[in-house]
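Down below is the structure, laid out as structure tokens.
Because the structure is predicted, anything quoted here is derived from the model rather than measured.
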Amino acid sequence: MPSILPEGDPAPADGSLPSGVADGAEERRFGVYVHVPYCRVRCGYCDFNTYTASELGGTRRDDYAGQVQRELAFGAEVLRRTGVPDRRASTVFFGGGTPTLLPASDLAAMLGRIRDEWGLEPGAEVTTEANPDSVDAAYLATLAEAGFTRVSFGMQSAVPHVLATLDRTHTPARIPLVTRWAREAGLQVSVDLIYGTPGESLADWERSIDAALATDPDHISAYALIVEAGTKLAAQIRRGEVPEPDEDLHAEMYELADARFAAAGFSWYEISNWSRTPQTRSRHNLSYWTGEDWWAAGPGAHSHIGGVRWWNVKHPGAYAQRIEAGISPAHARETLSEDARREERVLLETRIADGLPAEVLRPDERRAIPQLIADGLIDGRAAIAGPGRIARVVPTLRGRLLADTVVHRLLG
């Protein structure tokens with residue numbers, strides 16, 4: 001089942017935000033995230049806020065696009081009322097769940113409301129996630145005509161027994177088809193992989209890497225499988241039906257992927273993400289890692305504006321009730337202190353290739369840098385300031401594998 005929402009401070013029914021969120025907003029980019037919580041089946045490893053048809057409790061998918069559009073209009077009014085200056089969206093991301101279980105016209109309508117309420121920057125990045133078996137050529141062409149620029153396919157693996165363990169419903173043969181259709185529609189293509197599935201060998205993983213590269217994508221994500229409490233997979237491991245993931249094998253798989261992607265012309269820009277060029281990085285996800293602003297619509301979606309973070313009620317039924325009543329769907333919120341924002345910045349920006357400016361660290365924290373260099377965890381050249389260059393904390397390959405260690409040493 002989906003994970004439990006965090007607790008926080010009460011969220012006002014009218015959605016009002018502290019006036020301080022407007023401070024410095026002109027310097028921050030603005031994005032929009034739309035959560036679509038529907039899945040055909042629940043994958044055994046997943047604890048995202050998603051629901052199959054039997055879990056919806058009477059709510060209907062064909063009402064959903066209208067509900068999200070009302071939240072988007074509500075959000076635009078909240079920001080105007082709070083004094084946040086108008087900013088066009090530089091990125092839009094439809095995630096889930098499986099957004100492409102909805103008709104393409106629904107996704108187009110929600111994007112149209114974002115355009116009407118906030119506008120889109122010239123060259124805005126507009127992405128949707130998609131399962132390979134949830135789209136066809138006509139669907140993808142409709143998305144492109146509506147203004148989508150990018151599609152991220154949940155490939156996960158090219159090996160049938162790995163897909164079966166993950167409860168994925170597509171076949172490996174589907175991947176070359178959908179990626180070709182997307183390119184023919186003029187969309188950038190990203191493929192998402194998962195490594196470390198119980199029973200997956202290094203040879204299996206190499207086969208998936210080769211299959212992903214064969215689709216000639218613009219972007220690749222590769223995530224280590226995490227066994228989340230409460231999932232079907234966690235129960236299978238507890239009962240001894242499948243083996244626990246092997247951390248040493250995870251590391252071998254990551255090193256193999258990084259080497260193979262680099263040889264194919266991809267560069268890492270975040271621990272789990274590689275792009276063919278700087279222009280094909282996921283700008284939306286980078287906005288999360290660099291602390292920009294975004295409004296997130298849909299059940300369980302988490303928003304962030306100027307140091308205030310809030311999250312919507314989780315179930316689609318509860319979300320629909322609030323939207324129909326004209327009140328904020330927010331469940332709770334938190335206002336981050338300056339210390340919390342700085343520590344979060346250290347946590348996130350040490351994950352990216354652009355690195356963390358060393359000036360963000362306190363003097364006592366900067367004292368950890370020489371030993372991190374000596375241990376091969378951060379790039380020594382990047383950490384040294386020079387003419388026209390800011391000292392930055394950038395992880396090495398070893399540092400990416402031990403990212404938590406880097407953060408722990410910096411923050412003590």
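With respect to R28 and D293, a salt bridge is recorded, a charged nitrogen being found less than 4.0 Å from a carboxylate O. The pair R70-E324 meets the salt-bridge criterion, with a side-chain N (NZ, NE, NH1 or NH2) lying under 4.0 Å from an Asp/Glu carboxylate O. The residues D218 and R281 are annotated as not salt-bridged, no charged nitrogen and carboxylate oxygen being separated by less than 4.0 angstrom. Salt-bridge annotation for R260 and E255: absent, with no side-chain N of the basic residue lying under 4.0 Å from a carboxylate O of the acidic one. Salt bridge R207/D204: absent, no basic N to carboxylate O contact under 4.0 Å. Note on R362 versus E365: salt bridge recorded, some NZ/NE/NH1/NH2 to OD/OE distance being below 4.0 Å. Ionic pairing of K232 and D167 is present here: one or more N-O contacts between side-chain nitrogen and carboxylate oxygen are shorter than 4.0 angstrom. Contact check on E338 versus R342 returns no salt bridge, with no Lys/Arg side-chain nitrogen under 4.0 Å from an Asp/Glu carboxylate oxygen. By the 4.0 Å N-to-carboxylate-O rule, R88 lies too far from E121 to be salt-bridged with it. Salt-bridge check for D375 with R398: failed, with every basic side-chain N at 4.0 Å or more from each acidic carboxylate O. A salt bridge is absent between E292 and R29; no separation between the charged side-chain nitrogens and carboxylate oxygens falls under 4.0 Å. Between E344 and R309 there is a salt bridge, with a side-chain nitrogen of the basic residue lying less than 4.0 Å from a carboxylate oxygen of the acidic one. Here D106 does not pair with R61 in a salt bridge; the nearest charged N to carboxylate O distance is not below 4.0 Å.
For the residue pair T165 and T197, no side-chain donor N or O sits within less than 3.5 Å of a side-chain acceptor on the partner. Looking at N273 and S221, their side chains do bring a donor and an acceptor atom within 3.5 Å of each other. Looking only at atom types and distance, the side chain of N131 has a donor-acceptor partner in the side chain of R168 under 3.5 Å away. Side-chain contact annotation: T179 with T215, donor-acceptor N/O pair under 3.5 Å absent. Side-chain polar atoms of D14 and S16 form a donor-acceptor pair below 3.5 angstrom.
Between N312 atom CG and S328 atom OG the span is 6.5 Å, to the nearest 0.5 Å. With values rounded to the nearest 0.5 angstrom, Y33 atom OH is found 10.0 Å from N285 atom CG. Note that OH of Y64 is 11.0 Å distant from CG of L56, once rounded to the nearest 0.5 Å.
Just one residue in the list F261, Y269, W268, F266 forms a ring-ring contact (aromatic ring centres under 6.0 Å, His included) with W274, and that residue is F261. Among E71, H35, Q67, the one residue that satisfies the side chain to side chain donor-acceptor pair (under 3.5 Å) test with Y319 is E71.
Geometric assessment of R333 against the ring of W311 yields a negative cation-pi assignment under the 6.0 Å and 45° thresholds.
The two residues P172 and A158 make their nearest non-hydrogen contact at CG-O, 3.3 Å.
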